[in-house]
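What follows is a set of notes on a single structure, which appears directly below.
Values in this document were obtained by computation on a predicted structure and should not be read as measured data. Reminder, nothing fancy here: chain letters follow the sequence lines and each chain counts from 1. Values reported hereafter were calculated over all heavy atoms of this structure, with side chains retained and with hydrogens, waters and symmetry mates removed.
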Amino acid sequence: MLRVNNIEVIYSNVVLVLRGVSLEVREGQIVTILGANGAGKTTTLQAISGLLLSQEGEITRGSIELGDTRIDHRPAEDIVQLGIIQVLEGRRLFGHLTVEENLAIGAVARGHNRRMIAEDLEQVYRYFPRLKDIHRRISGYLSGGEQQMLVIGRGLMARPKLMLLDEPSIGLAPLLVQDIFQAINQINKESGIPILLVEQNAKIALEVADYAYVMETGRIVLDGPADQLAENEDIKEFYLGLTQVGERKSYRDVKHYKRRKRWLG
Amino acid sequence: MNWQLLPQFALTGILAGGPIALIALGLVLIFKSSYIFNFAQGQLLLLGALFTWYFSIELELNLWLSIFLAVAVMALIGFAIERFALRPMTGQPLLSIILMTLGLSQALQGLALLVFGGAQRNFPQIFSAGDPYKITTPLVHEGNNIILILKQNLVWSFVVAVIGVIIIGGFFQYTRTGLAMRATSEDHELAQSTGLRIRRIFGISWGLAGVVATVGGVLLATSSGLDLSLSLVVLAAFPAVLLGGLDSIPGTVAGGLLIGLSQGLVKVSKVPIVRNSAEIMPYVVLMIVLLIRPEGLFGQKRIERI
Amino acid sequence: MKNDIVHLDVQDISLSFGGTQALLNVGLDVYQGEILAIIGPNGAGKTSTLNCISGFYRADRGDIFFEGQDITRTPTHKIAEFGIARTFQNIALYTGLSTLDNLMAARHVHMKSGMLGCMLYWGFAHRENIEHRHVVEEIIDFLEIEHIRKAVVGALPHGLRKRVELGRALALEPKLLLLDEPMTGMNLEEKEDMARFILDIHELQNTTIVLIEHDMGLVMDIADRISVLDFGRKIAEGTPEEIRDNPAVIQAYLGQEY
Amino acid sequence: MAIQRPAGEFDFSYAYDMATIRRRWQWVMLLLFLAGLYTLPLYASRSVVSLVNRIGISIIAVQGLNLLTGYTGQISIGQAAFMTAGGYISALLVNNLGWPFPAALPVAALGAGLVGLIFGLPSLRVKGFYLTMATLAAQFIIPWFTRQAFPEVLNGAQGLNVNVPVIFGIEFNEPGKYIYLTLTTLIITTVIAHNISRSRLGRAFVAIRDNDLAAELLGVNLFKYKLQAFFLAAVYAGVAGSLMAHHLRHINSETFNLVDSVLLLGMLVVGGLGTNLGAIVGAIVVEFIIEGATLSAPFFVELFPATAAGMIQALRPLFFGVTLMLFLIFEPRGLAHRWQLFKAAWRLRPFSH
């Protein structure tokens, strides 16, 4: 349903961050993009969601299609109206609004009426019962896990056709990461919303995803069904931190600093 | 102290605080949606009053039609300011935005002088100036009951201001557009990513600010006459906004009334220097509040995270 | 290396904001020269604990002693003078300054020139600038950031900024180093570098280190001891092996993974 | 990269790496430039000399504002109020107590600095808009004080006539002479501002601007340094106010007003915040633009004959306001930044990247 065809992105007219990225998300799939910091994962999401424009970025080549419509060079608001919802990195929420107000924003932005908002709230509370308990709390005081639930819930309120999730696990405890990914999986399986997931935590991402792409310095270097990639030797070594024999390498075994002579005085 | 004057000055002070609160509300309106403190609000006020004067006196239109036209023109000017001056500033630091509105205030003040000239003008009277309301109080001074004298236009300005505040306060708290504005003021990029049309929201809030400014300008001009120094009145509203904590509508109203009251109270004094301090009272009160309760009287404490 | 002298003694501190209990009777003994890791779910109070130690928050109840001195109510900027430095979860560099000036700015507590001295500059302030530049260059060299010495830090990539921030904390010549998630958002290679720097600081300077980190593999590898917080309370403390097998920790934090 | 050295020029010591003026030709250029300025009255017209004199005084005030707003990040719209304080103190010392001007100037500066401290006090607990408002309070309270307090000494709204400075029997009674006072003071204030920016104090200021919470946790006493910034800004304002008062030979509560405060802030932004060059360039450019408003007044009188009398009063804010807005939109980092880019491009020519 979503096709990114060979796009190139330039920031502030000088910095080339994406050099020909192509990828595809099919109906009902969870697709993940893995890669190091600065590889261009977030930029890819922003190119799709139209947020590049507000970051002084520009798609200079290639195209992005949702179904049969081209959506590159459209502003972010229009793309949301088409049903592509991006959940930004870092659990960003409207800290001075209540939980329920935060959720409502997701629907208000798509012009839903009060009845639709009430229906959708029920659905979000079904996925995240914790949010119902705290629906009147000021969201700035929530814990990291609750905030992550809230921002995903806000995305759901917009009745998305496709969700883009940017690093939902960042800075979360292992247990919470599992909870969040379980919820992501459940949302995908029950409501069939396809999800494009950008993630540092390669292990868990490969567990839930159907298909995965690996990015390095603005290029897709590897792609394939998630279960196959999880068995790939390079992925094992560089993304899962395992040694040749499958043992984890210890951080204590890295080379150390040697003091050098300084020549300036 | 001239104690017998206290009730009179206190009450007039509070009533005078009504329009201050309304003007302050125009500031809060923009602040709540776009996190911009509009130093040019005084000039919007001035322009609103000047257009009303132009339509009603120069073009000899019906007064209410003139006000309506002025409101419409000012809403458009509000939109235009947002579109051409503030929108390019999206993402710039606080100082740049403060300076943009300061630069705007200078440019508009100069433009008003250039186009309309600097003379004092007669402004149409909306509320009759004579025939003040008289209230006989149970308080007694030198054998006579103290009688409070309230000018009609002062009372009605106050009433209009209060109505304006209630309408806008309700709009913010209970409508979906109001919610969208509150969200947008917190984080533009996030608001955009959720699909809020932030440009339209900024446009609406600047348009509304133009409307509120016009109403405020007309109310003030009808009681104190119209010349270019009208724009300075807003300087008394800045502290009112801060006393309220910058983003609280009830706080702003209380701040406006408090400032009106403080200005009324010092006039009771027999010491000339205290009596003459009415003009700086807003700022004296502000300094005291900043030192004692810096988040304002009603402001939310910011959540500081590191 | 590690010995039995208590370097930092956090005695049953409690903290609440806006009705939420952030910390409840949290106590920590940090021994001289050890690496103590604090782990726990988000919102468990890890950063709040660091904030209380470094004076950014004031504990409602409880006391904090550093090298035997009560620092519970010491003004925030004085705590740095005692030799406690930290890094931040979300990088908090001086974005408009170069790497070099960020580090020089952190020499603040070691420099002496006052307002008048700085206005006149020549003489003392000048000599002092050069003297401290030596220390700073040493750190730049150690962290391998020579190439970005004069680059404005705001424009640097995430991994390098994290490294400059560590450098800035080191420029304070801390006796106690508080690291708040020094490796979030880093790839494996960057994490290895960072781990190496932390271990080297620890070995070369015998600095006491308190570390918050979510990467359990890393914590297990480099920490001497681990404290686990949950809902503002300490639920466990011990060596990595003990923590790995602690049922309460598995239940609250780790899950069945480890 | 922030600083790129031309090829063939190497650093052989930290002292040399840190030096401001690195080459002999740079010294020569500087001295020639100063010589040109000092001999200005010999070949330039009276109005040019007068303009340069005014620019010089503005630069001093902007330099002070730069320390507070540019380096420390505390936005102030009260700089003109501290100029008022400095101007009045200096006038009283010279007129009423018969002090010589060279003694009155620094004392007026210190006096203004102390007044600045009072209005810096809220910086203990507030920042951003709130602090800006405290400086706006200065802009109301100080002029009000000069109008209302001690009318027998301060002469109310009328203000004071100020004596001409006399040093070694020389009366500095016309721009051609006064400019020497201004230029000499300006050189001293420039050197001091530069020294502050490259030492411990300046780095503490910028630390507060860029991340006050981190700065405090790394040992910077926020309150102390914010107050020092307020003090220094007001000291510079005091110097500028004193120079201007003795130049105009009159001062009242409106000599330096709110519009001037905005103007000074505008100069700083046009030039470039937090750079010493910016304070200088900004003041020059904005003063020239305002001069342009005066020169173009006759043209506008034909268009708007009704406003003929107030034409200059209308054009000055209009020109300044529009300039400021255009700069904010098209060159938000100021001319100093543009100059940096230009220098870098020149060095690397003919390659653009």
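Minimum interatomic distance between P88(B) and I329(D) (heavy atoms only, all atoms of both residues): CB-CG2, 3.9 Å. Pairing each heavy atom of M287(B) with each of I118(D), the nearest pair is CE-O, 4.2 Å. When all heavy atoms of F140(D) and L235(B) are compared, the closest pair comes out as CZ-CD1, 3.2 Å. Contact detail for A107(B) and M325(D): the closest heavy-atom pair is CB-SD, 4.3 Å. The minimum heavy-atom distance linking G110(B) with P317(D) is given by the pair CA-CG, 3.9 Å. What you find for W144(D) and N276(B) is that their closest heavy atoms are NE1-O, 3.1 Å.
Counting heavy-atom pairs closer than 4.5 Å to chain B, the top-ranked of the candidates L131(D), I141(D), V269(D) is I141(D).
Interface remark: A149(D) contributes backbone and side-chain atoms alike to the contact with chain B (heavy atom separation under 4.5 Å). At a 4.5 Å heavy-atom cutoff, the contact between I77(D) and chain B is made by side-chain atoms alone. Of the two parts of F39(B), only the side chain, counted from C-beta on, holds a non-hydrogen atom closer than 4.5 Å to a non-hydrogen atom of chain D. Neither the backbone nor the side chain of Q139(D) comes within contact range of chain B; no heavy atoms are under 4.5 Å apart. When heavy atoms are compared at a cutoff of 4.5 Å, I288(B) does not approach chain D at all. Interface remark: S277(B) contributes backbone and side-chain atoms alike to the contact with chain D (heavy atom separation under 4.5 Å). Both the backbone and the side chain of L290(B) come within contact range of chain D, judged by heavy atoms closer than 4.5 Å. Looking at L315(D), only its side chain comes within 4.5 Å of chain B, counting heavy atoms on both sides. For a residue to count as touching a neighbouring chain, one of its non-hydrogen atoms must lie under 4.5 Å from one of that chain's; by this rule T323(D) does not touch chain B. Only the side chain of L324(D) comes within contact range of chain B, judged by heavy atoms closer than 4.5 Å. For chain B, no part of L326(D) is nearby; none of its heavy atoms comes within less than 4.5 Å. For R147(D), the part lying under 4.5 angstrom from a heavy atom of chain B is the side chain only. Residue F119(D) touches chain B through both its backbone and its side chain, counting heavy-atom pairs closer than 4.5 Å.
By the neighbour-count criterion of 12 heavy atoms within 6.0 Å, atom CZ of F223(D) is densely surrounded, having more than that number from other residues, nucleotides or ligands. R333(D) CZ: 12 or fewer foreign heavy atoms inside a 6.0 Å radius. Atom CZ of R338(D) sits in a sparse spot, with 12 or fewer heavy atoms from other residues, nucleotides or ligands closer than 6.0 Å. In this structure, Q158(D) places its CD atom where only 12 or fewer heavy-atom neighbours from other residues, nucleotides or ligands lie under 6.0 Å away. Around CZ of R316(D), the count of heavy atoms belonging to other residues, nucleotides or ligands within 6.0 Å does not exceed 12.
Among L121(D), V126(D), L124(D), the one residue that satisfies the side chain to side chain contact (heavy atoms under 4.5 Å, CB included) test with L291(B) is L121(D).
Between Q313(D) and L113(B), the closest side-chain pair of non-hydrogen atoms falls below 4.5 Å. Looking at Q109(B) and V259(D), their side chains never come closer than 4.5 Å, going by heavy atoms from C-beta outward.
At a heavy-atom separation below 4.5 angstrom, chain B is approached by no residue within residues 280-298 of chain D. Within residues 92-100 of chain B, the residues having any heavy atom closer than 4.5 Å to a heavy atom of chain D are Q92(B), L94(B), L95(B), S96(B), I98(B), L99(B), M100(B), listed by residue number.
L136(D) contributes atom CG, which lies 4.0 Å from atom OH of Y283(B) (distance to the nearest 0.5 angstrom).
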Stepwise side chain to side chain contact (heavy atoms under 4.5 Å, CB included) check, Q106(B) with L263(D): CA-CA 10 Å; Q106(B) 293 293 303; L263(D) 210 58; 6.0 Å; no

